Amino acid sequence: GQQRLTSLWISLYGSYTLEKGKNEMYLYLNLDAPNKNSNDSEDDSINSTASYYNFRFMTDSTFKNCIANGEHWIRVSDAYAQNFKAISYILSNQLAENEFAKETLEKLLRVFEDENIINAYEIRGKDLDHVLNIFVRTNSGGKPLSKGDLLLSVITVNWAGSNNVNAREYVQDIVNKVAKYGYKVDKDWVLSCILYILDKDIKLTASNFDQSTASEIFNKKDEIANSIEAVCKLLNRYGMLERGLTSKLALLPIVYHIFKFNLSKNVKKDFVNGQKQSVDTGIYADMRTWLFRTISTSFFTSGTNEKLKKIQDVQKLHADKDNYPLSAIIATDSSLSISDKEISEYMRIEKKASFPILNIIYSSTDVTCYLEPAKGYDVDHVHAAKNFSGSNDKRYDTIPNLQLLGYDENRSKNDMSLSAWWNGKSPTEKTKYLQPANFSTDIRDFDTFFKDREQMFSEILKKNLGV
């Protein structure tokens with residue numbers, strides 16, 4: 001807002017220069033005619049006004065050259081001088097016969113002196129959330145600032161005197177740490193996560209970040225940051241990719257459990273008692289099932305606050321370090337239930353919407369197909385789409401004929417026949433592609449391939465989704 005007011009002030013009353021003390025420029029308006037490239041008439045849109053009238057910043061020397069060429073320009077600041085009279089200006093500059101000049105000059109004076117072009121109303125009361133909401137809306141055309149950005153200022157004020165710890169820098173540091181694991185979150189997500197694990201209402205309002213809550217966040221800031229980072233480590237072990245993680249809100253209940261029972265150090269350990277830490281049993285497996293169910297059912301597409309409140313209540317009721325309350329959480333909402341019918345429907349998903357389900361399938365730890373979140377992946381047709389050109393058989397574009405390939409590998413595969421690509425893989429490499437036993441690259445065997453792979457993927461999904 002301050003930048004806009006400053007720009008307006010410079011245009012109406014001031015000047016600017018690209019180099020201090022040199023070539024000072026003022027805003028001028030041409031009174032000869034509309035812009036050559038504009039429409040014949042002006043409408044009410046801002047873009048139309050900007051193109052219809054010819055405004056230009058010029059130095060004194062450029063202005064004098066224009067006048068010498070017979071052009072008529074008026075310095076905008078002159079029009080707002082106290083002793084300025086439009087009629088006298090028109091007559092003295094031989095513009096009496098120029099209707100455009102008279103109408104333009106009249107509008108220039110009227111638009112700031114008579115028309116109420118700035119809408120304002122008084123806010124009564126001291127509701128900070130009301131003020132923040134208005135600021136977010138009115139600032140939408142400037143540098144994007146979320147509600148979280150503004151609330152961080154409130155938290156920082158409440159942290160004043162706490163060894164100069166800045167809440168904005170603290171939250172941004174969490175965002176940056178998450179990014180190092182291959183995932184993207186914003187400040188709003190971090191603040192919602194903090195409220196959730198502190199058993200607060202997750203709505204981003206100033207009242208939810210009062211001095212008491214701000215103090216609690218400050219006192220637990222290290223544990224909070226470590227718990228969020230631990231979940232990212234867990235996601236890496238799951239083989240979860242950013243593109244497959246369709247709702248970050250699903251992570252909140254997982255962060256909650258890790259935070260409440262101070263499990264972040266254990267989660268971050270790659271080895272326990274000399275053995276590589278497994279995510280196939282215990283709480284880590286249940287957390288994975290919860291995450292995969294929310295993704296496959298698109299659970300958080302609506303009613304997010306209400307759903308999270310129910311889950312939060314369940315986690316309070318079933319607080320147990322060694323048990324993640326998966327069954328109790330699933331029981332809170334019927335949409336989390338998955339049957340054989342849903343598994344069959346997942347097999348009909350087309351390529352354009354297939355990434356999340358394929359991510360779940362390829363995250364299976366029963367095979368050596370560990371996905372690396374730091375890498376990029378494409379969805380690829382096993383049997384190429386060109387083999388089905390002109391055919392009514394659309395199965396080629398559904399889950400059983402799709403696979404996840406790294407960017408580079410997918411591009412190299414496109415230049416090869418399927419048989420050449422497949423035969424170039426070692427027996428160990430082939431296991432990660434999740435192809436059925438005795439996989440045939442011959443398009444004539446597509447029916448058998450499709451049926452076998454559909455069965456294979458269905459079984460993997462049932463396991464990973466806990467069906």
Side-chain angles (χ1 to χ4, degrees), residues 1-124 131-145 150:
Q2 181 62 48
Q3 292 174 341
R4 293 171 185 171
L5 288 173
T6 301
S7 298
L8 187 62
W9 182 265
I10 290 173
S11 300
L12 300 182
Y13 298 107
S15 63
Y16 88 98
T17 178
L18 298 177
E19 187 176 354
K20 189 174 182 180
K22 295 182 180 180
N23 298 322
E24 202 166 20
M25 290 184 283
Y26 299 85
L27 183 66
Y28 289 86
L29 172 62
N30 184 270
L31 297 177
D32 291 317
N35 270 326
K36 293 180 180 179
N37 296 326
S38 70
N39 296 323
D40 291 338
S41 61
E42 179 202 8
D43 58 38
D44 292 331
S45 70
I46 293 176
N47 289 334
S48 171
T49 300
S51 62
Y52 185 72
Y53 295 104
N54 191 357
F55 285 95
R56 188 186 303 174
F57 275 98
M58 294 187 288
T59 62
D60 283 339
S61 60
T62 303
F63 167 69
K64 290 176 181 177
N65 288 335
C66 290
I67 296 301
N69 290 330
E71 300 176 27
H72 291 92
W73 294 81
I74 182 172
R75 185 187 291 185
V76 173
S77 57
D78 288 347
Y80 293 109
Q82 287 186 344
N83 59 350
F84 180 81
K85 295 187 180 301
I87 296 297
S88 299
Y89 181 89
I90 291 289
L91 293 174
S92 62
N93 286 276
Q94 292 81 46
L95 293 170
E97 303 299 322
N98 188 329
E99 292 299 322
F100 173 79
K102 290 188 286 186
E103 291 174 2
T104 299
L105 189 56
E106 180 186 356
K107 183 167 186 177
L108 179 65
L109 297 172
R110 185 179 70 246
V111 74
F112 282 104
E113 294 182 353
D114 299 328
E115 294 183 4
N116 294 320
I117 60 172
I118 298 178
N119 295 316
Y121 63 94
E122 182 180 357
I123 299 175
R124 300 184 180 277
V131 175
L132 294 179
N133 284 329
I134 291 173
F135 185 88
V136 170
R137 290 199 304 271
T138 57
N139 192 61
S140 59
K143 179 181 178 181
L145 288 176
L150 304 176

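None of the values given here were measured: they were computed from a predicted structure. Hydrogens, waters and symmetry mates are skipped; everything else that's a heavy atom, side chains included, is used.
Tyr26 carries Arg75 over the face of its six-membered ring, with the cationic atom under 6.0 Å from the centre and within 45° of the normal.
Other residues, nucleotides and ligands place no more than 12 heavy atoms under 6.0 Å from the CG atom of Asn23.
Between Ser15 and Met25, the closest side-chain pair of non-hydrogen atoms is not below 4.5 Å. Counting heavy atoms from C-beta outward, Asp32 and Phe100 have side chains that stay 4.5 Å or more apart. Looking at Tyr53 and Leu108, their side chains never come closer than 4.5 Å, going by heavy atoms from C-beta outward. A heavy-atom distance below 4.5 Å is not found between the side chains of Asn30 and His72. Side-chain contact between Leu95 and Tyr89 is present, with at least one heavy-atom pair separated by less than 4.5 Å.
Annotation: the span from Asn98 atom CG to Lys102 atom NZ amounts to 8.0 Å, rounded to 0.5 Å. Taken to the nearest 0.5 Å, the CG atom of Leu29 stands 7.5 Å off from the CG atom of Leu27. To the nearest 0.5 Å, the span separating CD1 on Ile10 from OG on Ser77 amounts to 12.5 Å. Tyr52 contributes atom OH, which lies 10.0 Å from atom CG of Asn35 (distance to the nearest 0.5 angstrom). Between Arg110 atom CZ and Leu105 atom CG the span is 11.0 Å, to the nearest 0.5 Å. In this structure, CD in Glu97 is found 11.0 Å from CD1 in Ile90, a value given to the nearest 0.5 Å.
Taking the six-membered ring wherever Trp is involved, the centroid distance between the rings of Tyr28 and Phe55 does not fall below 6.0 Å. You'll find the ring centres of Tyr16 and Phe57 inside the 6.0 Å limit.
The minimum heavy-atom distance between Ile74 and Ala79, with the atom names listed, is CD1-CB, 4.1 Å. Heavy-atom minimum distance, Leu31 versus Thr104: CD2-CG2, 3.9 Å. For the pair Met58 and Thr62, the tightest heavy-atom approach, listed with the atom from each and the gap, is SD-CG2, 3.7 Å.
At least one donor-acceptor pair closer than 3.5 Å links the side chain of Gln94 to the backbone N or O of Ser92.
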Quick one, Leu12 with Val76, criterion side chain to side chain contact (heavy atoms under 4.5 Å, CB included). Give me CA distance, side-chain angles, the key distance, then yes/no. CA-CA 6 Å; Leu12 300 182; Val76 173; 3.9 Å; yes
